[in-house]
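Order of the sequence lines fixes the chain letters, A, B, ..., with proteins taken first and strands second; residue numbering starts at 1 for each chain. The figures that follow rest on heavy atoms only: side chains count, while hydrogens, waters and symmetry mates do not.
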Protein chains: 2
Amino acid sequence: MFPGSKHEWLGAELRKQIEPLDAHTPLSTERELAVRYQVSRATVRTALRGLEAAGIVYRVQGAGTFVSDSTVSKTLTLTSFSEDMRRRASRPDSRVVVAGEVPAGSVIGGELRLSVDDPVVRLVRLRLADDEPMCLETSYLPAVLVPGLLGEDLSSSLYEKLDTLGIRPVRAEQVVTAVTTEDTEAGLLVVPPGAPALRVQRIGLDHRDQPVERTTSLYRADRYDLKFGVRREPLI
Amino acid sequence: MFPGSKHEWLGAELRKQIEPLDAHTPLSTERELAVRYQVSRATVRTALRGLEAAGIVYRVQGAGTFVSDSTVSKTLTLTSFSEDMRRRASRPDSRVVVAGEVPAGSVIGGELRLSVDDPVVRLVRLRLADDEPMCLETSYLPAVLVPGLLGEDLSSSLYEKLDTLGIRPVRAEQVVTAVTTEDTEAGLLVVPPGAPALRVQRIGLDHRDQPVERTTSLYRADRYDLKFGVRREPLI
DNA sequence: AAGTGGTCTAGACCACGGG
DNA sequence: CCGTGGTCTAGACCACTTT
């Protein structure tokens, strides 16, 4: 009751109870849960839908709801490098390579829905995990949205800083490609030139579908992979 | 009313109407739609949730529901190579490189939840798009699930064949990495040895969370990228 | 203040799965 | 057959955005 809605609370509660259970263990039925937690069945279903979307349970019509066998990963969600590394039990860090304000230009301007002359903050950072170079990240942000950002310490989480400014990407569109590293990139990542890398280009959008961030991440192929779940039909 | 549920029908209906609209155009309110289509507001919300999950609309509490500006792509769903290529307006084809039955072994056995001695069908195919090599695909399937598969023409869609056998992956767990091609792979893909490639390893699961397929796809980096949308929090 | 989407209820019937 | 999750209804109140 304290923070959010009933279904959110119930979802968190069930999550805790499910944690130690083996895969394919059946949960209580929706009707039982509704009685036990003194909520309507619709609320139970909303909570379960959240767990299903998170890859924690699966449901079979006519049979029941069961604990998922998630060997690989939870459904892909939008995360920052810092969050990602902490989840992998690594210590994230970063070194700022370039930080400054430049005109958007046509490519970045188009993607962030700005004019070519509108100023954007450009930020190139080398991201480290446990002091090892992991990823070279180039971010562009509309300058009007992030006043004073360039005066701050940029070696910690950018997403946390944006959050304090009221900027919260809730959705992103990503394009993933395999590339071989150029000389300067290879030098920064401490790999031989031509070593393979995973290039992830992301446009972050806020709750009104406005672009707030455009980031290209170049990950060392030997130290990074992208794990995620997909569904045949989007969940409804 | 003909094929499925009301919310499915309504979702498809709204989808058609939304198609020509500009991004950020507001839809009718949920209450209006409920009256117009003679359904409850809950049903309208179910339909809209589907469109939201598909990246077609976004909703802002207190303001309304709006057409998404999807420059890149719809949310990632589980698709076969054939579907994927047709969506990219390319003509898919394939050449069978190897097809046979082998013992699962510890790696494949573990992933498909079989014993090391259980037989699996191994299928290596070169996938073409518009007659150009695109991807080298190695699939493993539990042999008991696919009797007679090896006697059929395997150059068309594997997923369609599986479907006729009642095998339908609804979910998959994927791991994407960047690699450089080995000599034999490079030869089949017609790229220089050492050329970059995108490696997608997938375990397909049916509606009961049972593994039914394990496929490794090696895509030419110069001809393929992976586009998808992600959300900060899973949709509920 | 008015209107929007978000949450929640109590009830009903349907489609499917298992004994 | 019975019990399961899936769909649907009609209504209510809340949190939020806009005017």
Which residue, B:Arg59 or A:Arg41, contacts DNA chain C at a nucleotide closer to its 5' end, judged by nearest heavy atom?
B:Arg59
For B:Arg208 and A:Val44, find the nucleotide of DNA chain C closest to each by heavy atoms; which residue's nucleotide sits nearer the 5' end?
A:Val44
Of A:Ala42 and A:Ala63, the one whose nearest nucleotide on DNA chain D sits closer to the 5' end is A:Ala63
Any salt bridge (charged side-chain N to carboxylate O under 4.0 Å, His left out) involving residues 27-41 of chain A? Give me the pairs, sequence neighbours left out, ordered by first then second residue.
A:Glu30-A:Arg41, A:Glu30-A:Arg45, A:Glu30-A:Arg59
Under the rule for side-chain contact (heavy atoms from CB on, under 4.5 Å), what residues qualify as partners of A:Ile108, not counting sequence neighbours?
A:Leu112, A:Tyr140, A:Arg214
NA contact type, B:Arg49, heavy-atom cut-off 4.0 Å: base, sugar-phosphate, or nothing?
nothing
Within residues 22-33 of chain B, find the residues that approach DNA chain C with a heavy atom at under 4.0 Å, and present them sorted by residue number.
B:Thr29, B:Glu30, B:Arg31
Got a sec, which residues hit salt bridge (charged side-chain N to carboxylate O under 4.0 Å, His left out) with A:Glu83, two or more places apart in sequence or on another chain?
B:Arg232
Residues forming a side-chain contact (heavy atoms from CB on, under 4.5 Å) with B:Glu152, sequence neighbours excluded:
B:Lys161
For B:Ile18, all residues meeting side-chain contact (heavy atoms from CB on, under 4.5 Å), sequence neighbours excluded:
B:Leu14, B:Leu27, B:Leu51, B:Ile56, B:Val57, B:Val67
What are the bounds, 5' to 3', of the part of DNA chain C that sits under 4.0 Å from heavy atoms of chain A?
C:dT7 to C:dG17
Touch class at under 4.0 angstrom, heavy-atom based, for B:Thr46 against every strand present:
nothing
List the atom pairs, donor and acceptor, that lie under 3.5 Å between side-chain atoms in residues 143-151 of chain B and the rest of the protein, sequence neighbours left out.
none

For A:Gln210, the side-chain contact (heavy atoms from CB on, under 4.5 Å) test, sequence neighbours excluded, returns A:Arg113, A:Asp206, A:Arg208, B:His24
Could you tell me the separation between the CD atom of A:Gln61 and the C1' atom of D:dG5, rounded to a whole number of Å?
6 Å
Distance (rounded to the nearest 0.5 Å) between B:Ile203 CD1 and B:Arg171 CZ:
10.0 Å
